[in-house]
Amino acid sequence: MVYFLCFIIFSIGLYCILVKRNLIKIIIGLIIIEYSVNLVFILFGYRFAGRAPILAAGQTIKNMVDPLPQALVLTAIVIGLATTALLIAIAMRIYDRYKTFDITEIRRLKG
Amino acid sequence: MIGLYLILLFMIAASYIAVQIKDLLSSVVAVGAAGLALSVAFLILKAPDLAITQLAVEIVCLVILIKATVKRDTVSTKDMRGFITTIVSLIFIGTFLFFAYLALKELPKFGEPLMRVAQNYIQTGQAKTGASNLVSSVILDFRAYDTLGEATVLFTAVIGVLAVLRRIGRKKKDEVIKEND
């Protein structure tokens with residue numbers, strides 16, 4: 001059930017990418033998809049009554065949530081920021097040339 | 001666990017508003033709300049490192065998006081594509097959700113992860129690496145090459161942003177360049 005809510009967020013982002021004509025809207029759809037994928041990885045690693053994966057001094061009971069997806073998602077969040085910044089830079093450059101964000105009007109290859 | 005469901009429903013609502021609203025600046029603010037809710041969800045799911053990182057990244061991302069949208073045409077009147085494209089997209093998304101539902105039955109249940117690899121990390125991580133935070137012991141010791149690749153991708157993206165956004169070097173001979181933003 002929790003997983004399915006994540007897939008609903010994913011499909012909202014997918015709908016945004018497929019249907020919208022505005023470049024910024026398409027980038028926003030990509031960001032939403034990235035959120036849902038990160039969240040579903042963390043949900044896979046969750047354990048009921050688990051603790052955060054940080055050891056206290058002399059702790060012996062080790063009922064922790066899975067630290068491996070957390071490490072991978074920590075990498076993925078930062079890479080997501082970098083790719084989003086690159087996409088927005090390209091979108092701003094397109095706007096400077098064509099004076100619009102509408103992808104159906106950006107047809108002509110200029111200069 | 002009721003808090004997690006509430007946060008997820010809030011994220012769905014914020015994403016839907018971000019997709020459907022006409023004004024671009026409001027859309028950016030709505031996606032920022034979804035990202036901050038994601039940070040709270042990480043905190044509920046016992047991932048404090050991720051919550052901090054998501055908070056910082058979300059604020060930077062919001063600043064970049066606002067920089068991109070402000071002073072440009074923020075309202076787009078014809079926002080949708082044609083009717084047939086919309087119908088085909090909805091059919092495709094419905095098919096995707098159906099097969100996702102079938103695939104989700106095969107996964108381990110929520111709250112009971114397998115942890116074949118991670119059990120080893122949890123048991124011996126502190127003795128092997130000396131870090132009491134197991135997430136940092138994974139990203140900096142067990143899987144350090146992943147982090148090296150991440151840094152490579154990050155700096156490549158920064159070089160790409162600088163190469164796309166710079167103005168010097170692409171002007172023609174008698175062109176006067178006006179810095180407007």
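In what follows, chains are A, B, ... by sequence order, proteins preceding strands, each numbered from 1. Note that the coordinates shown come from a computational prediction; the quantities given were computed from them, not determined experimentally.
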Taking the side chain as C-beta and beyond, is there a heavy-atom pair between [X] and [Y] under 4.5 Å?
X: A/Val19; Y: B/Thr85; answer: no
X: A/Leu43; Y: B/Leu45; answer: yes
X: A/Ile28; Y: B/Val19; answer: no
X: B/Leu134; Y: A/Ile54; answer: no
X: A/Pro67; Y: B/Ile122; answer: yes

Nearest non-hydrogen partners of [X] and [Y], listed with the distance:
X: A/Leu74; Y: B/Thr53; answer: CD1-OG1, 3.1 Å
X: A/Ala85; Y: B/Ile64; answer: CB-CD1, 4.1 Å
X: B/Ser15; Y: A/Ile9; answer: OG-CG2, 4.0 Å
X: B/Ala157; Y: A/Leu86; answer: O-CD1, 4.1 Å
X: A/Leu39; Y: B/Met11; answer: CD2-SD, 4.1 Å

Practice problem: Mark yes or no for whether B/Gln54, through its side chain, and A/Tyr35, through its backbone, hold a donor-acceptor pair below 3.5 Å. | Solution: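 Looks like no, no N/O pair under 3.5 Å.
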Quiz item: Given a strict heavy-atom distance threshold of 4.5 Å, which part of B/Gln123 is in contact with chain A: side chain, backbone, both, or neither?
Solution: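 Both the backbone and the side chain of B/Gln123 come within 4.5 Å of chain A.
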Quiz item: Relative to chain A, which segment of B/Phe142 carries a heavy atom at a distance below 4.5 Å: side chain, backbone, both, or neither?
Solution: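 Contact with chain A is absent: no heavy atom of B/Phe142 under 4.5 Å.
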Practice problem: Pick whichever of B/Gly160, B/Ala68, B/Pro48, B/Gly149 has the most heavy-atom pairs under 4.5 Å with chain A. | Solution: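 Looking at each option in turn, the highest pair count goes to B/Ala68.
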Quiz prompt | Most contacts with chain A, counted as non-hydrogen pairs under 4.5 angstrom, among B/Asp49, B/Ile93, B/Ile139 | solution =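 If we count pairs closer than 4.5 Å to chain A, B/Ile93 comes out on top.
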Quiz prompt | Sub-6.0 Å ring centroid separation between B/Phe110 and A/Phe48 | solution =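 Ring-ring flag for B/Phe110/A/Phe48: true, centres closer than 6.0 Å.
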Exercise. Could you tell me whether B/Phe96 and A/Phe10 have their ring centroids closer than 6.0 angstrom?
Key: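 Between B/Phe96 and A/Phe10, the centre distance is under 6.0 Å.
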Quiz item: Are A/Phe41 and A/Ile32 grouped together when hydrophobic residues (ILVMFWY) are joined by side-chain heavy atoms under 4.5 angstrom apart?
Solution: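 Cluster IDs for A/Phe41 and A/Ile32 match.
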